[in-house]
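Below, each value reflects all heavy atoms present in this structure, side chains not excepted, and no hydrogens, waters or symmetry copies. Note on naming: letters A, B, ... go to the chains in the order of the sequence lines (proteins, then strands), and numbering restarts at 1 for each one.
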Number of protein chains: 2
Amino acid sequence: VILLNNIEKVYVMGQQKLYALQNLSCEIFKGEFAALMGPSGSGKSTLMNIIGCLDTPTSGSYILNGTDVIKLNDNQLAEIRNKEIGFVFQTFNLLPRMNAIENVELPLIYAGISKKERTDRAKETLISVGLENRMNHKPNELSGGQRQRVAIARALVNNPSILLADEPTGNLDSRSSGEILDLFDKIHSFGNTILMVTHEEDVAKRAKRIIRMIDGHIDTLQNIRET
Amino acid sequence: VILLNNIEKVYVMGQQKLYALQNLSCEIFKGEFAALMGPSGSGKSTLMNIIGCLDTPTSGSYILNGTDVIKLNDNQLAEIRNKEIGFVFQTFNLLPRMNAIENVELPLIYAGISKKERTDRAKETLISVGLENRMNHKPNELSGGQRQRVAIARALVNNPSILLADEPTGNLDSRSSGEILDLFDKIHSFGNTILMVTHEEDVAKRAKRIIRMIDGHIDTLQNIRET
Ligand SMILES: Nc1ncnc2c1ncn2[C@@H]1O[C@H](COP(=O)(O)OP(=O)(O)OP(=O)(O)O)[C@@H](O)[C@H]1O
Ligand SMILES: Nc1ncnc2c1ncn2[C@@H]1O[C@H](COP(=O)(O)OP(=O)(O)OP(=O)(O)O)[C@@H](O)[C@H]1O
Ligand SMILES: [Mg+2]
Ligand SMILES: [Mg+2]
């Protein structure tokens, strides 16, 4: 469902070129639950942003569900992001002046869902991540792990066929982590595709495949050793 | 060095009172390296903010190095924060328009250090957290784990006698984590006091004592079981 070929992402800084990704080729199959690991700065978030249609590569091709994503215009990309993809950001990116329910409703507004149904679905999703007692809190009235779970709820509320989660348990204790991973298992069992960045081996083991990155590309040698 | 007695922190939300901390008493000894653990929302960051003189309790007493902190005015608190305490925030709190070096120099500006020495010390500290190749990057040009390490460098640059670190390895792979924890060991060996929040047992084991919190207070039963 996700096919990346020879992806390159370069940042130009003054006279220098910084290769965040280079020679990156990778395939994620429909309905797969994969974990993405690698050292800090190895390009995981950059790769996730490209897969999530939030960023475009400097070169290379990205075919999503048979569609050549690089050829799409901004409106078409926004439509894919809203309908097909749920994204949990490493830095959450919640809107500070809205409370938890309002933040989680956002993807449903774009999808044209009625106010009553939006509120019901947002509440339901917040309950599923253990936040029924924090629905009216704004982000600055929430703990780090509670904000993380609002970000997860917002990614799930539209029932996306592809869930991209960048360090979704980075601020969660082992029990809340376990609850979130159980939720991911449930979503996976419905046939959805999940790609999750994590730096914790215990969390990665909950996925069915571990993809390792190093210096901006896939560490194929390590991947071969592990299978 | 840190003595908290019967600390309470209440948030009033409309008609309700939310007890983020209640009946919390705790002592941290000079030169100790302790880990603080507990479920998401149990009050760890709230406690850290009070210890770090960034927030005041609703009631209770806090004696730091023999000084009654609650009686101090804002200027005196700012002085303590700058001279005695280094704080690594759970959400980093870097200034977006400054690059890594400029962010790390900030505590030294308050301390009245000259420009040349500030830059030297900031560079040195950034090298010690593995960021010698990212010194001129702004936060949005850095990965999550790189931003975390800039936040750590900023907390260390003033050589504080008390280091408060809220989830300092939350975004780091195991190798970068290990390097940061080695650095903490070194700081500890110089006689400094470290209190570190973490949700990972492996990281907590690097400390000499684990303090567990639950529902806004210290879990004394669990603490007794572990000693
Ligand atoms: N806008 C930018 N300009 C220059 N360099 C950048 C920019 N954004 C990212 N980088 C660099 O690209 C590299 C990859 O960043 P990325 O955020 O993908 O890493 P990561 O694998 O997610 O790391 P982490 O585990 O620390 O979150 C990093 O070395 C980073 O410094
Ligand atoms: N300004 C506020 N108004 C209302 N409630 C708040 C406010 N700030 C924090 N809280 C609540 O206080 C409780 C403790 O928050 P705190 O950030 O200390 O938790 P934590 O232990 O650090 O959690 P985490 O592990 O998720 O970071 C949480 O339940 C949170 O919702
Ligand atoms: Mg990242
Ligand atoms: Mg916290």
* Asked: Where do B/Q146 and A/S40 land on the side chain to side chain donor-acceptor pair (under 3.5 Å) test, with the steps shown first?
  -> CA-CA 7 Å; B/Q146 290 166 347; A/S40 175; 5.1 Å; no
Toward chain B, the part of [X] with a non-hydrogen atom under 4.5 Å:
{"X": "A/E167", "value": "side chain"}
{"X": "A/T91", "value": "side chain"}
{"X": "A/M13", "value": "side chain"}

NZ/NE/NH1/NH2 to OD/OE distance under 4.0 Å, [X] and [Y]:
{"X": "B/R206", "Y": "B/D182", "value": "yes"}
{"X": "A/R97", "Y": "A/E102", "value": "no"}
{"X": "A/K116", "Y": "A/D120", "value": "yes"}

* **Pick from A/S45, A/G43, A/G145, A/G170 with the largest number of heavy-atom pairs that fall under 4.5 Å of chain B** => A/G170
* Between A/S177, A/S42, A/G41, the one whose heavy-atom pairs under 4.5 Å with chain B are most numerous -> A/G41
* Select, from B/E201, B/R175, B/R149, the one with the greatest count of heavy-atom pairs under 4.5 Å involving chain A. => B/R149
* Asked: Quick one: of B/G38, B/P39, B/G14, who has the most non-hydrogen atom pairs under 4.5 Å with chain A?
  -> B/P39
What part of [X] gets closer than 4.5 Å to chain A, counting heavy atoms only: side chain, backbone, both or neither?
{"X": "B/T46", "value": "neither"}
{"X": "B/S176", "value": "side chain"}
{"X": "B/S143", "value": "side chain"}
{"X": "B/E200", "value": "side chain"}

* Asked: Is the number of heavy atoms from other residues, nucleotides or ligands under 6.0 Å of A/D74 CG greater than 12?
  -> no
* Are more than 12 heavy atoms from other residues, nucleotides or ligands located less than 6.0 Å from atom NZ of B/K208? -> yes
* Inter- and intrachain pairs under side chain to side chain donor-acceptor pair (under 3.5 Å), touching residues 126-135 of chain A, at least two apart -> none
Would you mind writing out the side-chain donor-acceptor pairs for residues 18-28 of chain B within the sub-3.5 Å range, not counting sequence neighbours?
| unit_1 | atom_1 | unit_2 | atom_2 | d |
| --- | --- | --- | --- | --- |
| B/S25 | OG | B/N5 | OD1 | 3.2 |
| B/S25 | OG | B/N6 | N | 2.9 |

